[in-house]
Visitor: 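So that we are looking at the same thing, I have put the structure below in structure tokens.
Below, each value reflects all heavy atoms present in this structure, side chains not excepted, and no hydrogens, waters or symmetry copies.
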Amino acid sequence: MPKQSFKVCLCWRRVFKTRVVEPPLDIKNAFYSFSPSGMMTVDDLLRFLIEHQGQKNATKEDAQAIFYSLKHLNIFQRRGLHLEAFFRYLLGDLNLAHPPSKVHHDMNAPLSHYFLFTGHNSYLTGNQFSSASSVEPIKDALLRGVRVIELDLWPNSSGNDVNVCHGRTLTSSVGLQKCLEAIKENAFKASEYPVIITFEDHLNPNLQEKVAKMVTETFGDILYTSETENLEQFLSPESLKKKVLISTKPPKEYLEGNTQGEEISENEGGTVANECQSSSQWNPPEEGEHVPDEDEGKVVPEYRQLIAINARKLEGGLENWLSDDPKKVSRISLSEQKLESAAKTYGTKTVMFTQRNLLRVYPKRTRLDSSNYNPFVGWMHGAQMVAFNMQGHGKRLWIMQGMFRANGGCGYVKKPDFLLHRGPNDEVFDPNLPWDVKTIMTVKVYLGEGWHQDFHHTAFDRYSPPDFYTRIGVAGVPADKDVKQTATIEDEWLPVWDEEFKFQLRAPELAVLRIKILDYNTTGRHYFGGQVCLPVSELRTGIRAVPLHDKKGNKYKHARLLLSIKFEAP
């Protein structure tokens with residue numbers, strides 16, 4: 001049996017035996033129930049896929065492809081799979097709990113019927129106060145499937161060109177032209193469905209005219225512009241494939257020499273300045289402060305024509321903001337705090353508004369560390385654009401990534417039917433009423449492997465193998481949130497837990513399965529060993545492999561878990 005040594009000092013090493021994991025009892029029972037002779041044929045494997053794994057549409061070709069994938073292993077035998085080869089298949093990429101898939105949602109409904117993978121201040125490389133602005137975060141977001149990119153437009157220091165930056169902070173700027181070119185180059189590499197650019201506009205008419213020329217020349221035929229200013233219904237993602245759309249408020253006139261001319265940003269607010277770093281003090285006005293529009297008759301027509309999705313100015317109170325004009329659709333933006341207020345007081349009105357209109361939610365301005373908020377408050381009320389800071393990592397960003405692994409990772413996820421339904425008397429779903437349990441999800445955590453290949457042998461402990469445990473839970477509507485934990489397996493690169501957990505789900509359509517592996521440390525600082533979040537609605541049942549990801553959401557090459565997943569009526 002192989003051994004692994006850890007150097008404690010010059011004259012002493014700790015030596016640990018490296019064991020080979022045997023298939024758990026459930027795997028043995030499944031194998032022998034479908035292949036009593038101890039050798040699983042292609043036909044036996046096909047029956048296993050259909051009857052045990054729930055793959056009702058599996059074919060003999062699927063079973064043969066699995067056989068073919070194991071040919072390179074020394075344990076493979078041409079006449080069939082024995083237990084060890086079957087075990088390797090279960091841990092392999094042809095048996096994933098959530099395999100890569102094609103787009104399978106109906107993509108012909110209006111844009112308002114989908115959740116969109118949405119970024120906030122997409123150009124920032126780090127925190128919201130002093131980090132650099134760059135095209136690299138924009139590229140990375142698009143390559144991860146993000147479909148809504150936010151750009152804050154400001155005059156440069158000379159007032160003759162347009163920069164992108166987070167105004168009145170210490171963040172640096174990047175030229176708008178560079179951002180537009182980065183979007184064009186990367187827009188449709190991860191998904192062919194439309195990219196929406198939301199502009200936060202702090203420009204005078206001369207610069208708006210310049211922006212119109214930049215956008216038109218950069219995107220050319222892939223830029224979608226609407227023939228009418230007031231749409232009665234948004235177009236569908238399918239009809240807008242490989243198109244770029246601009247969304248912003250209708251432009252306003254900035255009078256020459258008018259020092260009182262101000263425009264409040266959707267996100268932060270403040271007075272218009274000639275450059276992004278106009279002040280070393282970040283002192284935006286109170287949220288909700290309003291400055292009246294200038295005369296809209298003096299706007300640049302070329303700039304107005306760019307706008308495919310009108311962002312509506314907020315006037316009056318929450319109830320008025322959520323009013324639905326039957327003659328036209330629009331987009332509004334609310335901070336996370338305003339959304340929480342709307343959810344408490346106007347829950348059904350918010351759901352009704354988002355059935356036809358677009359609601360964008362953005363982080364509160366105190367999240368200078370680029371942290372994020374609970375996305376489910378927005379999703380359970382139908383908000384399509386739950387805008388997240390993509391610069392860092394953490395639980396909420398992992399949940400966001402997990403949600404948008406659904407539907408082939410195309411960046412558009414169809415809303416559940418209950419958020420779109422209207423009754424005969426215009427009644428809609430009420431998020432504030434009690435939710436009935438729809439299904440019970442049972443997850444059994446068998447074992448894990450691959451860390452010794454993806455990590456240095458002292459990555460977790462200088463003097464011994466890791467002490468892994470698994471935290472597994474559900475992120476979703478408040479009643480579905482739950483977290484459970486396995487025992488800690490000490491000094492083992494190949495931990496076997498064999499523990500089962502049950503989760504009651506009231507809104508499985510919105511739920512995300514959360515898994516996190518930690519190395520237990522007596523100091524209280526437990527070391528990260530991988531994570532993954534997966535959409536519950538697309539999980540495959542049966543015994544499945546689940547590859548793990550690093551903190552940034554990149555998949556490890558080898559580290560993974562073996563689970564069993566099943567759903568049953570409550």
Visitor: Ignoring hydrogens and angles, tell me if any N or O in the side chain of His105 forms a donor-acceptor pair with the backbone of Lys414 under 3.5 Å.
Guide: yes
Visitor: Using atom types as modelled and distance alone, determine if a side-chain donor or acceptor of Lys415 lies under 3.5 Å from a backbone N or O of Ser112.
Guide: yes
Visitor: Looking at Lys328, I'd like to know if its NZ atom is crowded, meaning that more than 12 non-hydrogen atoms belonging to other residues, nucleotides or ligands lie closer than 6.0 Å.
Guide: no
Visitor: Check Pro250 against Asn310 and note the closest heavy-atom contact, atom names and distance.
Guide: CG-OD1, 3.8 Å
Visitor: Centre of Phe528's six-membered ring, under 6.0 Å away, within 45 degrees of the axis: is that where NZ or CZ of Lys551 sits?
Guide: yes
Visitor: Should the heavy atoms of other residues, nucleotides or ligands under 6.0 Å from CG of Asp417 be counted, would the total exceed 12?
Guide: no
Visitor: Side chains of Ser247 and Ile197, heavy atoms from C-beta outward: is any pair under 4.5 Å?
Guide: no
Visitor: Just distance, no hydrogens or angles: give the donor-acceptor pairs under 3.5 Å from side chains in residues 220-227, sequence neighbours left out.
Guide:
from: Ser226; atom 1: OG; to: Thr228; atom 2: N; distance (Å): 3.2
from: Ser226; atom 1: OG; to: Thr228; atom 2: O; distance (Å): 2.7

Visitor: Identify whether the distance between the nearest side-chain nitrogen and carboxylate oxygen of Lys313 and Glu315 falls below 4.0 Å.
Guide: yes
Visitor: Would a distance-only check, ignoring hydrogens and angles, find a side-chain to backbone donor-acceptor pair under 3.5 Å from Tyr193 to Phe188?
Guide: no
Visitor: Between Ile183 and Leu151, is a side-chain contact (heavy atoms from CB on, under 4.5 Å) present by the stated rule, with each step listed?
Guide: CA-CA 11 Å; Ile183 292 171; Leu151 302 179; 4.2 Å; yes
Visitor: Looking at side-chain heavy atoms only, is the closest gap between Ile472 and Arg514 below 4.5 Å?
Guide: no
Visitor: Under a 3.5 Å distance rule, please check whether Asn156 uses its side chain to pair with a backbone N or O of Gly159 as donor and acceptor.
Guide: yes
Visitor: Taking the side chain as C-beta and beyond, is there a heavy-atom pair between Ser133 and His166 under 4.5 Å?
Guide: no
Visitor: My understanding is that only residues two or more places apart in sequence, or in another chain, count here; which of them pass side-chain contact (heavy atoms from CB on, under 4.5 Å) with Asp140?
Guide: Arg144
Visitor: Kindly compute the distance separating CZ (Phe129) from CG (Asn127), expressed to the nearest 0.5 Å.
Guide: 8.5 Å
Visitor: Could you go through Glu150 and Arg360, starting from their C-alpha distance and side-chain angles, then the distance that decides it, and tell me whether this counts as salt bridge (charged side-chain N to carboxylate O under 4.0 Å, His left out)?
Guide: CA-CA 11 Å; Glu150 181 189 22; Arg360 174 178 169 270; 3.1 Å; yes
Visitor: Sequence neighbours excluded, which residues qualify as side-chain contact (heavy atoms from CB on, under 4.5 Å) partners of Asp430?
Guide: Thr348, Asn432, Leu433
Visitor: Taking the six-membered ring for Trp and the full ring for Phe, Tyr or His, determine whether the centres of Phe455 and Tyr556 are under 6.0 Å apart.
Guide: yes
Visitor: Could you verify whether a donor N or O on one side chain and an acceptor N or O on the other, from Ser335 and Gln337, lie under 3.5 Å apart?
Guide: yes
Visitor: Are any of the side-chain nitrogens in Arg405 or Glu538 under 4.0 Å away from the carboxylate oxygens of its partner?
Guide: no
Visitor: To the nearest 0.5 Å, what is the distance between CG on Leu231 and NZ on Lys327?
Guide: 15.5 Å
Visitor: Before you tell me yes or no, could you show the steps for Asn407 and His104 under side-chain contact (heavy atoms from CB on, under 4.5 Å), namely the whole-Å CA-CA distance, both residues' side-chain angles and the distance that decides it to 0.1 Å?
Guide: CA-CA 6 Å; Asn407 199 27; His104 55 274; 4.0 Å; yes
Visitor: If a pair satisfies side-chain hydrogen bond (donor to acceptor under 3.5 Å, both in side chains) and one of its residues is in residues 350-359, list it, with sequence neighbours excluded.
Guide: Asp324-Arg356, Asp324-Asn357, Gln355-Arg422
Visitor: Please check: side-chain N/O of Asp480 versus main-chain N/O of Ala507, any donor-acceptor pairing under 3.5 Å?
Guide: yes
Visitor: In Å and rounded to the nearest 0.5 Å, what is the CZ to CG distance from Phe115 to Leu510?
Guide: 5.5 Å
Visitor: Tell me the salt bridge (Lys or Arg N to Asp or Glu O under 4.0 Å) pairs involving residues 202-220, sequence neighbours left out?
Guide: Asp161-Lys210
Visitor: Just do the side-chain contact (heavy atoms from CB on, under 4.5 Å) check on Met107 and Tyr114 with the steps written out, would you?
Guide: CA-CA 9 Å; Met107 302 301 284; Tyr114 301 85; 3.9 Å; yes
Visitor: Atom CG of Asn372 and atom CD of Gln391: how far apart are they, to the nearest 0.5 Å?
Guide: 8.0 Å
Visitor: As an exercise, state the distance from OG1 of Thr218 to CG of Leu180, rounded to the nearest 0.5 Å.
Guide: 5.0 Å
Visitor: Taking the six-membered ring where the residue is Trp, are the ring centres of Trp321 and Tyr346 under 6.0 Å apart?
Guide: no
Visitor: Mind jotting down which residue pairs meet the salt bridge (Lys or Arg N to Asp or Glu O under 4.0 Å) criterion with at least one end in residues 188-197? Sequence neighbours excluded, please.
Guide: Glu192-Lys241
Visitor: Give me the one residue out of Tyr412, Phe388, Phe404 that meets ring-ring contact (aromatic ring centres under 6.0 Å, His included) with Phe117.
Guide: Phe404
Visitor: For Val546 and Leu534, what are the C-alpha separation, side-chain angles and deciding distance, and is it a side-chain contact (heavy atoms from CB on, under 4.5 Å)?
Guide: CA-CA 9 Å; Val546 177; Leu534 300 171; 4.1 Å; yes
Visitor: In plain terms, say whether Glu509 and Lys438 are close enough for a salt bridge, that is, a side-chain N and a carboxylate O under 4.0 Å apart.
Guide: yes
Visitor: Measuring from Leu419:CG to Met380:CE, what's the distance to the nearest 0.5 Å?
Guide: 9.0 Å
Visitor: Can any side-chain N or O of Thr118 pair as donor or acceptor with the backbone N or O of Ala387 at less than 3.5 Å?
Guide: no
Visitor: Is a side-chain donor or acceptor of Asn425 paired with a backbone partner of Glu427 at a separation under 3.5 angstrom?
Guide: no
Visitor: Tell me yes or no: between the side chains of Asp152 and Tyr123, is some donor less than 3.5 Å from an acceptor?
Guide: yes
Visitor: Quick one: does Ser371's side chain have a donor or acceptor within less than 3.5 Å of a partner on Arg367's backbone?
Guide: no
Visitor: Should Glu181 and Lys178 count as an ion pair when the cut-off is N to O under 4.0 Å?
Guide: no
Visitor: Kindly say whether Leu359 contributes a backbone atom to a donor-acceptor pair with the side chain of Gln384 at under 3.5 angstrom?
Guide: yes
Visitor: Surrounding NZ of Lys481 (heavy atoms of other residues, nucleotides or ligands, distance under 6.0 Å), is the total greater than 12?
Guide: no
Visitor: Under the 3.5 angstrom rule, does the side chain of Arg312 hit a backbone N or O of Lys249 as a donor-acceptor pair?
Guide: no
